[in-house]
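These notes concern the structure reproduced below.
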Amino acid sequence: MSSLSLIRKVACPLFLCVALAVAGCVTQETYKAQVIRTNNFQRQLAEEEKRSVDLTAEIARLKNQVVELEAQNRALTAQLKEAKAQVVRSLEEVGRLQDEIKQARAAAVAPLGAAAPISKARGVAPSSTEPPDRLDELKDNAASPLMKSNAGTPSPAAP
């Protein structure tokens, strides 16, 4: 029994060393492959974190741009409304002045015994020296080629 006991004393630790070496240890190639893989994951993670920071900055910049554009849109909308109101006021003033001119002509002709001027039929364009009598005619004539051709020449009634 002493030889069996000697074999057990020598064989058991030797078997344990071989088992640990085979089961718990990795080869140098496997270790290097794992290190390379880990380094690649760390590099990719760093790149994605940088990209995330860049995209966050881009989102913030675009949000600021949206706010600025909305403010600019509100300002331009207010300017447009004011311009439209000014055009309406100008058209009303032109109509009022035309009525005054018509009344003045009628008053100037009436004392001499001549007949009062006959109002024009709707849709008839005014002569080149006479302004239109109504706002509707202004609107109609604004699109007509006659008004476009006369747009470059100053009006005799213009100050």
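The model shown is predicted, which means the values in this text are computed figures rather than measured ones.
Pairs passing the side-chain hydrogen bond (donor to acceptor under 3.5 Å, both in side chains) check and including a residue from residues 69-88, sequence neighbours excluded, read Glu82-Arg89.
Remark: Leu97 CG to Ile101 CD1 distance equals 6.5 Å, nearest 0.5 Å. Rounded to the nearest 0.5 angstrom, Thr27 OG1 and Lys32 NZ are separated by 10.0 Å.
Under a cut-off of 6.0 angstrom, the local environment of CZ in Arg43 is crowded, with over 12 non-hydrogen atoms contributed by other residues, nucleotides or ligands. A 6.0 Å sphere centred on CD of Gln44 holds more than 12 heavy atoms belonging to other residues, nucleotides or ligands.
Proximity of Glu100 to Arg96: side-chain heavy atoms (C-beta onward) are separated by under 4.5 Å at one or more points.
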Listing, residues 49-63 side-chain donor-acceptor contacts under 3.5 Å, not counting sequence neighbours, or none:
residue	atom	partner	partner atom	Å
Thr56	OG1	Ser52	O	2.8
Glu58	OE1	Arg61	NE	3.4
Glu58	OE2	Arg61	NH2	2.7

